[in-house]
Each structure stands twice: as C-alpha cells, then as structure tokens.
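Encoded as structure tokens, the structure appears first; notes follow it.
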There are 4 protein chains.
Amino acid sequence: MSTWKNAVLGASEQFDRKREVLLREAAASFNRSGYHGTSLAEIAKKLGVTKAALYTYVPSKEELLYFCHDSAMDSAMEILVQARAGAGTGLQKLAATLRGYLNLMLGEDGSYVVLLEENAMKPVHMRAIIKRRDRFEQGLRDLVEEGIADGSIVSCNAKLAIFMIMGAMNWSRKWYQPSGSWSGAQIAVALTEILERSLAGTPVAQLIADPGSIEVEEPAEEAPVAKARRRPA
Amino acid sequence: MSTWKNAVLGASEQFDRKREVLLREAAASFNRSGYHGTSLAEIAKKLGVTKAALYTYVPSKEELLYFCHDSAMDSAMEILVQARAGAGTGLQKLAATLRGYLNLMLGEDGSYVVLLEENAMKPVHMRAIIKRRDRFEQGLRDLVEEGIADGSIVSCNAKLAIFMIMGAMNWSRKWYQPSGSWSGAQIAVALTEILERSLAGTPVAQLIADPGSIEVEEPAEEAPVAKARRRPA
Amino acid sequence: MSTWKNAVLGASEQFDRKREVLLREAAASFNRSGYHGTSLAEIAKKLGVTKAALYTYVPSKEELLYFCHDSAMDSAMEILVQARAGAGTGLQKLAATLRGYLNLMLGEDGSYVVLLEENAMKPVHMRAIIKRRDRFEQGLRDLVEEGIADGSIVSCNAKLAIFMIMGAMNWSRKWYQPSGSWSGAQIAVALTEILERSLAGTPVAQLIADPGSIEVEEPAEEAPVAKARRRPA
Amino acid sequence: MSTWKNAVLGASEQFDRKREVLLREAAASFNRSGYHGTSLAEIAKKLGVTKAALYTYVPSKEELLYFCHDSAMDSAMEILVQARAGAGTGLQKLAATLRGYLNLMLGEDGSYVVLLEENAMKPVHMRAIIKRRDRFEQGLRDLVEEGIADGSIVSCNAKLAIFMIMGAMNWSRKWYQPSGSWSGAQIAVALTEILERSLAGTPVAQLIADPGSIEVEEPAEEAPVAKARRRPA
DNA sequence: AATGAATGAGGGTTCATTCAT
DNA sequence: TATGAATGAACCCTCATTCAT
C-alpha cells in the first residue's frame, strides 16, 4: 500500500512509472538538502524500498542527479518551444515561457531540479546539462532581442536580463510553500508580471497587490515529463 | 610562508584574524560545493593547516556554517541601515541597499553565504539565521512600502517583489565570473538598474546595454566583517 | 543463438549438458579471478543467461565451487587409475599420471580447478574435497614408493616429492598461454620430463630444449567429466 | 596491550613499524583467503584497530596489496643479488637463491605474497609488479644459463625450468604448516635439493629421506624488509 | 596553537539469493 | 525453465570529531 508511492501499474510500463517516481522523489530531496546532503537511503525510505532496489532504475547516485537534470531540461525546453510557436510580441512569448517555467517548477510533480552543486556531476554529464541549459537561456535571450526589435521590450542587455530573470524564478522554490495562501499557478502569474515590467517597453502602471486573488484554472492534464529511457545495457 | 594566507599579525588578535580567514575560506567552499559537499580537510588544506587545527577557532562544522551566515547577516544589515539613514525616496534607498548587497556578495573577500541547505544547521542556529534574514527582508519590504507611499514605487505586493529581488541578487554569484568582462561593481550597478525598473513609479526608458562600460570607483576600505566572538569555554 | 554456448540438445539431457557448461565456465572464472573475485552475474553473462537462471542447476555459489572441485577430482582420479593399471616401473606410471594431469589442466575444456581459497567452501565440502585430493596425492606417493622399490626412483621423501610436483604442475596454468608458442600437450610432455628427472634413479643426460618442437597427437575423445548429479529437492 | 601487535615504539618510527606490521598481516590474510576474500575489517580486527585506522598507512585496499607485492619483491631481489655476488657454479648460485626464497616465504614474518588474482590490482600497479617479478625470474634463468655453460646444469629450457621451480616453491606455503614436524628452514633445504637434482649436471644419488632431521641454524638477524615509504601527500 | 593518529558513524555500491511471473 | 525485481548483508571508503603530544 505504500511502496513506490503506489506507482504500480499494468505490465511492463511499471518500470517507466517507477523510474519517474524515483526521479521526482530524488529531485525533491536534492532540492531540499542538496545532492551531498541527500542519501540514497533517504530516497529509498520515502519510496518504501531498499537502497539496493534503486540500482534497478539508475546506475549510480551521480547519474540519478543527471537524469533529474536532463528530465527537467526536457520539460523546460518543451515550454520554450511551445511559447515560441505561438503568436504575439517578443515580450508576450517571453512572458508565456516564464509562466510555463514557473508552473513547471512549482507544480505538484515538480521533478524539476535547479542546477546547484553542479560539480557534483561527472564532467561529461555536467557539460551535457550546462549545454542544454545554455540552449534554453539562449532561447530566452533571443526572445528578449525579438522584443527589443518589435518594441515590446526596452533596450537592454539581454544576457543580464535573463540572468536576473532566471535567478528570480529559480529562487521561487525556496520561499514557495504549497500549503501557503498563494498557489503555484498564482505565483507564476504574479511573478511573471513583475519580471515583465522590468523589461516591458511600456510598463504597466500597477502591479498585482495580492497574488492570492488571481484566478487561474489549473491544468487538468498531466505535466509533460521526459520520455523515460530504459537503462542501456 | 603560506599557511593561514599569511594572516599572521601582532599578538593575540592573530586569533581573530585567523578566524576571519577561516570563515571566508569556508564560505567560499560552501558556496562552491555546498555544505555537505565541502569537507573540513578541504578547507584546512587551502589554509595550509590540519583539519584538527580548525577546531581551535570553531567548535564544529555546523557552527562554522552558522558563523558564516551570521557574519554575512552582519554585513547585510549594516548596508541596509546605512541606506535607510540616507536621504531620498523609498526607491532610492532600496536601490542603494541592493547595490550594496550585490557589492558585498560579489566583492573580493565575499565571505557572504547564500542561505541554502538550511536544514544543515541545527534548529537553533537555523532559526536564528532565518530570523535575521527575515529582519533584513522586512527592512527591504518597508522600503518598498515607503516607496509606494511616496510615489517612487508602483503599487505592488512588497513581499513578492522582495522575493523576486532576493532571487535575482542571490543568483548572481552562480553566473558571475571574477575573471569575466564585467566586474562585480559593474554588475551591482546594472543589475540594480533592472530591478529598480521593475518597481519604479516612473520606469526609465532605456537600460544599460553593456554593464562592462559602467564606470565605478571601487571602495578602498575593507569590507565590514562581524566582530569575532571567542569560542566559549 | 548464443546462450548456453549452444549446448542445447535433444530432450532432458539438456539439463546435464547445460550444467556441465556451467561448471566449466565457472571453473574458468574461478581460476582467473578467484572464488570471491568472481560474481555469478559474470558467469551468467558469459553463458548468455541471468544470474537467477543459474540456480536451476546449482543450489548456491559455494556448491558451484564444490561441484567444480569434485568434478575435477573425478577426472584426476580417473587418470591415476588408468596409469596405475598400465605396465611399467613406478616412475613410468608416475610420469604417465603427471602427463595426464597436465593435459587435463591445460586442456581446452579444462574445467579443472586448482584448490585455492579453500576456506571459501563450507567445512563439509572442504573436507570432502581435501579427502579426495589427499587420496589422489596418496596414490602419487604410492607410485613414488613403488618406484623407489623397483629402483626407477631415487631414495627420497615421497611426501615432499609429491608436494613439489603438485606445485610445479598446478602453477602451470598461471603461466600457460593457449595462444602461445607451446601447446598444452607439449608442455605436459616437457614439464613431466623435468619432474621425472628430479626423481629418476638414472636421470636423463639432457632435457628438451624447446617444448615447442615436441610432437604430440592431440586426444580426439572428449575429456571425461563427472556424471551430473541432479540437485536434490 | 594488544593493538597493532604491540609494534609501538620510541618516537616517529612508530609509523614505519606499524605500517610493516600491517603489510605482514595483510599479506598473511591475502595468502590465506585471497584478495577478494579478505576484508579490511578482518585485517583491522587482527591488529586491534578500526578499519578506518588502516587508511593512515595505506590509501586503499588495492594499494595495500600492491605494497605487499612490492615489499615482497624487494626481499626476493635482495636474495638473488646476494646469491649472484657469491662464488660457485651456476647451479650453486641458483640453489642459494632458491633456499633464500623459500626461507623468505616460509619465514615467520613472511610478508611475502604470491602473485595470484593479479587482475585485482590496478593495471599500473599490476604492470609494475609483473615487471619486477619478470626481472627476478630473468635473474633465475640467467643462473640456469650460467650453469649450463659451466656444466653444472644439464642442457634444458631455462624458461620451463624456472616456471617449474617457481611453482614448486610458491606452492610450498599451501602445504607448509609452521606447527608441523618440519621447520621452514628444513623444507627450504630439502626442497631445494630436489629442485637442484632436476637440473644438476651430475645429479645426487640419493635425496634426503626425512627433512625433519636436517640441521639448520636459524638466522638471528631480522629478515630484510622493504624500506617503508611514507605515503605521498 | 597545531599535529598525527584513531574512531564511529554513515554513504554508495555490489552481490548472492529469493520469488512472483 | 528463465527472468526482472527486490532484499539484506557486506564491503570499501570518507569524514567530522577527539585526544595525547
């Protein structure tokens, strides 16, 4: 009744299910206590299994971290791609991305891991992740440039702007409390609004005073997660 | 010739000096690899001494972390107090604080530690630090309210605004490279400008395009450090 | 197409076949890496099956080792018996045994395991194997005594002589390279010649200078293997 | 009273003493149960210390094995060098070396480890040890050639002869029992005699019938051990 | 004030073994 | 008959901490 968070299912997709649950649980722990501050025993305990059982799904703790990051980048990129595909000004697309990113990070199944203690990963993996993250941030910078060009965003240094935005967003999980008076979706809207204002060509005259009052319809469908890859032989 | 970073001095203030050097080195390591990812041996090696020697200056690793945080809060608070004492609108005071905070964090002897892996500290210490940090952030929120009142800042949710700002600032050390083309002081100015714009009652029409071109006079005096407290017997 | 080394066969003797293949593969691994240095996964992999599959043929790793030893002793004893049954002096019979033993050990399907890490086995099994080995060595000692009696062997201490011979022979697999310029059969002849000389009543005046030049006819028939015993329910 | 086998001593040479004791104990265990079959806990227990304490003297289990081998080769080489320096025929020098080698291996403080499970060592270390061992065996082969030249040894294949001899000697520790009726020194003499006979140009007409009756004066001085090398920083 | 040595408590990983399928 | 998943017991190693010197 309690192991594996009841992720048991039909047939052989159990493996993928369980693997996902593992990644999520691991990501949560890593975010809370850091990579080195998290023990496999801790994760295993939460899943109701033994340390050794984890090795069925992941070849090492280090790769567990890597998979978490990789999976997170899958989701983040998907959001960027969708926003980019939509219509609107550069600022609008940027805002859409930020909202999506925040929803992802503060969402319930947030397996999203912020890149910290990066040198905990093996160089190969670290480089891979940093590359993907850079690509994501480059996408954001491109949107800023697009906005500057179409007038929706003030003339500014795109690099610095995105650094600022990433910090403001990534930090949110440090202070966000699921049990608090603001929901993740509400924060996503309100925080995006402030960030938007910092770059908007024509800044709004007034910001949301109480995020808790924002009306949002929670997404019904499952959050997109990286397609689980079976461990290579 | 190399141990203790040559912090040797006159007489008994050697103790305090060495303690400070220890705190700084520890803070640097903690920031780089996280609390659990940093071993005392590592810190000791950088100081050219033995692990055991550290215990002369600090009763435990956990308290070392605590002292780092505490010392950081000393500095941060001092900056807030000074900014508050100056003249100007709420926004101006806020901006002054942010600039000072960023200079502190990106400064050379930045012993400043961002609060992460907080549960690594013992509850007592954690509460103490969180309390001080809350006081600091409350100060910032007060400045926001002051700004809203005097019209220099748009109507907004101060709590959310400060969360956003803290994130943007604290994140800076993740991407700031001392050897890069932007100096810490330049970033402090440029980043503050963006953050200012997000809240300003009358936002500037154009942001700095190249932080590297900002002229700043580096502060000559030493950064204020927490008065060393002798370890209680 | 590759599992079980294609030992598949008619009907139920498949079981015995597979079991033999397992023993051989295990013996090879044990000899290479030692008992503790060999994992069941390793053996299974070489056979193209899973760890778990091995338990169909063998109740435990420890008994796998035991069966290897037991099977080896079957073969060794058979050689001794045959040599003893032949005609000739004690020395001649001894030499025949040594040659046979070496051929067995260096042969292609050499499932022969030298007794090392003996305490890896459970006392019962260890005693059983040591008993058989002692019986084998006693047989050799008897041949020495026989040789001393009939004058073909010098007066000597049979115990010491056999210890010496066993060492020289068992050691051969450490340096023998199947891909080298000497075949196993050639080594068997040449090594036996030296060992013979150490005990011969009338030692030869010259030893083989190049074992690689020895002419030997490889035995066509399959090496005798212990009759497979089904695992008791 | 019992830890470290009371190897405690004057001042700072304690480190070297303890390290030697550790090597000896480890060698004994490795010989008995094999490398993989020996746990550090086992060794530590015998020394009356904790597992962790061993790491003061040796950086890893693998290097512990390496040091054992290396130390053994130091001793073996020394014996060869001394024998080579003496007067006499090739056979006499060879015999002297064998006797010395056996005494070393069967001696009380025999830290000597026979090379087995060689792939347990890291390639670098393995190569280093194999190189030294090859040098030793080459020395023995040279003595054989020398003997053939001066007529003291029959024409034979030196390589095969030395392989045979090494096996006979290395095997001795498998059957030698310190508590038995033959002392190590007695075995050294008797075994050398048989080995000598296998190669002697003019073989003796009679071998020792009872090694236990051999008179030997035990060496008073300490057995030569590799100069302890402090662990590099 | 500083060190080298030792400890005890984990931490990550492997492995023989079991079991439901 | 064979497999994938899970377990529990080691095992090697690291690390914060203590202590005699």
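Keep in mind it's a predicted model, so treat the numbers as computed, not measured. Letters A, B, ... are given to chains in the order of the sequence lines, protein chains preceding strands, and every chain is numbered from 1.
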* Separation of E/dG12 C1' from A/Leu54 CG (nearest whole Å) -> 11 Å
* Structure fact -> Among the nucleotides E/dT13, F/dT1, E/dA6, whichever has the atom closest to the side chain of D/Tyr57 is E/dA6
* Asked: Rounded to the nearest Å, what distance is computed from the NZ atom of residue D/Lys61 to the P atom of nucleotide E/dT14?
  -> 15 Å
* Asked: Please give, in whole Å, the distance from E/dG10 P to A/Lys45 NZ?
  -> 12 Å
* Asked: Mapping C/Glu62 and B/Lys51 onto DNA chain E by nearest heavy atom, which one lands closer to the 5' end?
  -> B/Lys51
* Which residue lies more 5' along DNA chain F, comparing D/Ala41 with B/Thr38 via nearest heavy atoms -> D/Ala41
* Structure fact -> Checking N1-N3 plus N6-O4 or O6-N4 for Watson-Crick, or N1-O2 and O6-N3 for wobble, each under 3.5 Å, the partner of F/dA9 is E/dT14
* Asked: How many Å lie between CG on C/Leu65 and P on E/dT17, as a whole number?
  -> 12 Å
* Asked: What nucleotide among E/dT13, F/dA6, E/dT17 has an atom nearest to a side-chain atom of C/Tyr55?
  -> E/dT17
* Determine which nucleotide pairs with E/dC19, using a 3.5 Å limit on both distances of a Watson-Crick or G-U wobble pair. => F/dG4
* **Of A/Lys18, A/Arg24, A/Arg17, the residue whose pairing with A/Glu20 passes salt bridge (charged side-chain N to carboxylate O under 4.0 Å, His left out)** => A/Arg24
* What's the CG-P distance between C/Leu22 and F/dA2, to the nearest Å? -> 11 Å
* Asked: Using a cut-off of less than 4.0 Å, is there contact between a side-chain N or O of B/Trp4 and OP1 or OP2 of E/dA1?
  -> no
* When you get a sec, tell me which of F/dT1, F/dA10, E/dT17 is the closest nucleotide to the side chain of C/Ser60? => E/dT17
* Asked: Quick one: are C/His125 and C/His69 in side-chain contact, heavy atoms under 4.5 Å?
  -> no
* Is any side-chain heavy atom of C/Leu64 less than 4.5 Å from a side-chain heavy atom of C/Phe30? -> yes
* Nucleotide of E/dA5, F/dA6, F/dT3 approaching C/Ala53 most closely (side-chain heavy atoms) -> F/dT3
* Student check: side-chain heavy atoms of C/Gln14 and C/Trp4 closer than 4.5 Å -> no
* **Protein-nucleotide distance (B/Leu64, atom CG; F/dC15, atom C1'), rounded to Å** => 15 Å
* Asked: Side chains of C/Glu62 and C/Tyr35: closer than 4.5 Å at any heavy-atom pair?
  -> yes
* When the distance from CG of D/Leu47 to P of E/dT7 is rounded to whole Å, what number comes out? -> 11 Å
* Asked: Which listed nucleotide (E/dC19, E/dG12, E/dG10) is nearest to the side chain of C/Ala52?
  -> E/dC19
* Can you tell which of F/dT14, E/dT3, E/dG11 lies closest to the side chain of B/Val49? -> E/dT3
* Take atom CG of D/Leu40 and atom C1' of E/dT7, then tell me their distance rounded to the nearest Å. => 16 Å
* Asked: Does C/Thr38 reach the main-chain N or O of C/Ser29 with its side chain, forming a donor-acceptor pair under 3.5 Å?
  -> yes
* Among the nucleotides E/dT3, E/dA1, F/dT7, which one has an atom lying closest to any side-chain atom of B/Thr50? -> E/dT3
* For DNA chain E, whose closest nucleotide is more 5', that of C/His36 or that of A/Ser39? -> A/Ser39
